[in-house]
**Student:** 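Structure below; questions to follow.
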Amino acid sequence: MPFLHWGDVDAGGVRIFRFLEENLPRGPRPHLMTRELAEKSGQPADADPSLASIARSNSALSELADWLAFGTDVHHLEQEALEPTSPEERASSGHAHPQATLQLED
């Protein structure tokens, strides 16, 4: 059974997600960790090239890491800025299948 991880959309959140991918028997899927949400609800921030290795990896967040590392209009989003949305709610709206959730904060 797959599970989700919800963290901040910033360097710390991406690093925590990558740590989980590399150290758990099966990797999590990102939940509410998207560029679109960060652009809509986040705060402007500087690009962080230290995420380059994750951007070049097979991480489920490699595209997000690439934007955070090299983007020109980067935004960071603290998970606390969003109203929690359960995987079941996302499934009913056509976004994902119901899954268990693992949440770690940085």
Side-chain angles (χ1 to χ4, degrees):
M1 169 188 271
F3 64 93
L4 301 173
H5 168 75
W6 178 25
D8 295 340
V9 177
D10 61 16
V14 170
R15 286 188 186 103
I16 289 170
F17 185 89
R18 185 62 178 156
F19 177 84
L20 295 172
E21 282 184 315
E22 293 177 331
N23 290 284
L24 294 175
R26 56 178 189 240
R29 293 185 185 169
H31 178 63
L32 303 177
M33 295 179 75
T34 67
R35 175 180 177 167
E36 293 76 24
L37 283 173
E39 288 175 328
K40 178 181 175 187
S41 301
Q43 299 296 318
D46 293 327
D48 185 347
S50 72
L51 293 172
S53 64
I54 298 173
R56 292 188 303 261
S57 74
N58 64 349
S59 173
L61 289 182
S62 62
E63 289 182 24
L64 181 64
D66 185 74
W67 174 63
L68 291 171
F70 306 113
T72 56
D73 191 26
V74 171
H75 285 68
H76 287 174
L77 176 62
E78 299 292 322
Q79 70 188 95
E80 296 84 4
L82 297 176
E83 287 294 320
T85 303
S86 75
E88 290 81 13
E89 288 175 281
R90 289 184 58 78
S92 67
S93 66
H95 289 102
H97 296 288
Q99 300 171 21
T101 301
L102 170 67
Q103 177 179 338
L104 298 176
E105 294 185 23
D106 58 8

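Throughout, residue positions are numbered sequentially from 1 according to the sequence presented.
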**Student:** What pair of heavy atoms forms the shortest contact from H75 to P44, and how long is it?
**Tutor:** CD2-N, 3.5 Å
**Student:** Considering non-hydrogen atoms only, spot the tightest contact between D8 and E80 and give its length.
**Tutor:** OD1-OE1, 4.0 Å
**Student:** Less than 4.5 Å apart, side chain to side chain, heavy atoms only: is that true for L82 and W6?
**Tutor:**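 L82 reaches W6 side chain to side chain.
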**Student:** Could you state the interatomic distance from CG (L61) to CZ (R29), rounded to the nearest 0.5 Å?
**Tutor:** 13.0 Å
**Student:** Using a 6.0 Å cut-off, check whether atom CZ of F70 has over 12 heavy atoms from anything other than its own residue.
**Tutor:** yes
**Student:** Using side-chain heavy atoms (C-beta onward) and a distance below 4.5 Å, is L37 in contact with V9?
**Tutor:**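 No, side chains not in contact.
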**Student:** Testing the basics here: between F3 and G27, what is the closest heavy-atom pair and its distance to 0.1 Å?
**Tutor:** CZ-C, 4.4 Å
**Student:** Which salt bridge (Lys or Arg N to Asp or Glu O under 4.0 Å) pairs, counting each pair once, include a residue from residues 35-45, with sequence neighbours left out?
**Tutor:**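 For residues 35-45: R35-E39.
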**Student:** Got a sec: does the CG of N23 have more than 12 other heavy atoms crowding it under 6.0 Å?
**Tutor:**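 Check passes, neighbour count above 12.
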**Student:** Shortest non-hydrogen contact from P30 to L4?
**Tutor:**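 Scanning both residues, the minimum pair turns out to be O-CD2, 4.2 Å.
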**Student:** Would you list the pairs meeting side-chain hydrogen bond (donor to acceptor under 3.5 Å, both in side chains) in which at least one residue belongs to residues 52-69, sequence neighbours left out?
**Tutor:** R18-N58, E21-S59
**Student:** Considering only heavy atoms from C-beta outward, does the side chain of V14 approach that of L68 to under 4.5 Å?
**Tutor:**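 When only atoms from C-beta onward are counted, L68 and V14 do touch, with a gap below 4.5 Å.
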**Student:** State, to 0.1 Å, how close A65 and A55 come at their nearest heavy-atom pair, and which atoms those are.
**Tutor:**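 Minimum heavy-atom contact is CB-N, 3.7 Å.
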**Student:** Less than 4.5 Å apart, side chain to side chain, heavy atoms only: is that true for M33 and L77?
**Tutor:** no
**Student:** Looking at CZ of F17 and CD of E22, how far apart are the two atoms once the value is rounded to the nearest 0.5 Å?
**Tutor:** 11.0 Å
**Student:** Show the numbers, then the answer: is there a side-chain contact (heavy atoms from CB on, under 4.5 Å) between R15 and I54?
**Tutor:** CA-CA 8 Å; R15 286 188 186 103; I54 298 173; 4.2 Å; yes
**Student:** Which atoms form the tightest heavy-atom contact between A47 and G71, and what is the distance?
**Tutor:** CB-O, 3.8 Å
**Student:** Taking only residues two or more places apart in sequence or in another chain, which ones pass side chain to side chain donor-acceptor pair (under 3.5 Å) with S41?
**Tutor:**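 Expected list: none.
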